[in-house]
Amino acid sequence: MALVATVLALLTSACLSTGQTTVLNEMNADRSSNRLRTLPTHPELDAKAQAWAEKLARDNRLSHSRVQSGAPSCWRSLGENVGYGRSVSSIEDAYMASAGHRANILDSRWDYVGVGHATRGGRVFTVQVFMQGCR
């Protein structure tokens, strides 16, 4: 089962855009530096996060999604971070400086993450959707 999850994660990450990959790498670097395992992406969560990032960029404002909408059917817990800034790195830094966003990133119960990235003008929007799966 672990092998299947690893293969799925590798295949899914190969389908991410460059921006999504940067969001994933920044978030996982923060998890690693806090001695937490990196999170693999999940295709349904990636699709949800990417669609929401694109909506935020179109609207040019932040709002949370209905986090359950678009999530896989089998989950125990969900979380979401949304942000905008000059770069993915500056947004990730802001997430880590915010208690609630940081708690989402560093929560050890998460099994998967979905990441989204979109731009409007010089503004970058990122979305991170976290999931604890069914066991």
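What you see is a predicted model, and the numbers here were worked out from it, not measured in a lab.
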Are the side chains of [X] and [Y] in touch, meaning some heavy atoms are under 4.5 Å apart?
X      : Y      : result
Phe125 : Arg120 : yes
Arg37  : Asp111 : yes
Thr126 : Val82  : no
Phe130 : Leu45  : no
Trp110 : Ser77  : yes
Gln20  : Gln50  : yes
Leu24  : Leu16  : yes
Asn81  : Met27  : no

Can you see which heavy atom on [X] is nearest to which on [Y], and at what distance?
X     : Y      : value
Arg76 : Gly133 : CD-O, 3.3 Å
Ala53 : Gly116 : CB-C, 3.8 Å
Val67 : Leu78  : O-CD1, 3.7 Å
Asp30 : Leu106 : O-CD2, 3.9 Å

### Query
Distance only, no hydrogens: is a donor on one side chain within 3.5 Å (strictly under) of an acceptor on the other, for Gln128 and Glu26?
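Side-chain D/A pair, Gln128 to Glu26: absent.
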### Message
Could you check whether Glu80 and His64, counting side-chain N and O atoms only, form a donor-acceptor pair closer than 3.5 Å?
### Response
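Yes, side-chain donor-acceptor contact under 3.5 Å.
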### Query
Between Thr21, Asn28, Thr22, which is the residue that forms a side chain to side chain contact (heavy atoms under 4.5 Å, CB included) with Asn25?
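Answer to the side chain to side chain contact (heavy atoms under 4.5 Å, CB included) test with Asn25 among Thr21, Asn28, Thr22: Thr21.
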### Trace of the salt bridge (charged side-chain N to carboxylate O under 4.0 Å, His left out) decision for Arg31 with Asp107
CA-CA 9 Å; Arg31 285 182 61 86; Asp107 194 327; over 6 Å; no
### Task
Might you work through the side chain to side chain contact (heavy atoms under 4.5 Å, CB included) test for Val115 and Asp46, ending with a clear yes or no?
CA-CA 5 Å; Val115 293; Asp46 284 330; 3.7 Å; yes
### Query
Side chain of Lys48, backbone of Ser69: donor and acceptor closer than 3.5 Å?
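Yes: the side chain of Lys48 pairs with the backbone of Ser69.
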### Message
Using a 3.5 Å distance criterion without hydrogens, assess whether the side chain of Tyr95 forms a donor-acceptor pair with backbone atoms of Gly83.
### Response
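Yes: the side chain of Tyr95 pairs with the backbone of Gly83.
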Find the distance between [atom1] ([X]) and [atom2] ([Y]) and round it off to the nearest 0.5 Å.
X      : Y      : atom1 : atom2 : result
Arg102 : Ile105 : CZ    : CD1   : 8.5 Å
Lys55  : Ser65  : NZ    : OG    : 10.5 Å
Arg123 : Ser87  : CZ    : OG    : 13.5 Å
Met131 : Gln68  : CE    : CD    : 13.0 Å

### Task
Would you please test His117 and Val88 for side chain to side chain contact (heavy atoms under 4.5 Å, CB included) and show each step?
CA-CA 8 Å; His117 175 275; Val88 172; 3.5 Å; yes
### Task
Take Tyr84 and Val124, measure what side chain to side chain contact (heavy atoms under 4.5 Å, CB included) needs, and give me the verdict at the end.
CA-CA 5 Å; Tyr84 71 84; Val124 176; over 6 Å; no
### Message
Test side chain to side chain contact (heavy atoms under 4.5 Å, CB included) on Leu56 and Val127; report intermediate values, then the result.
### Response
CA-CA 9 Å; Leu56 296 177; Val127 176; 3.9 Å; yes
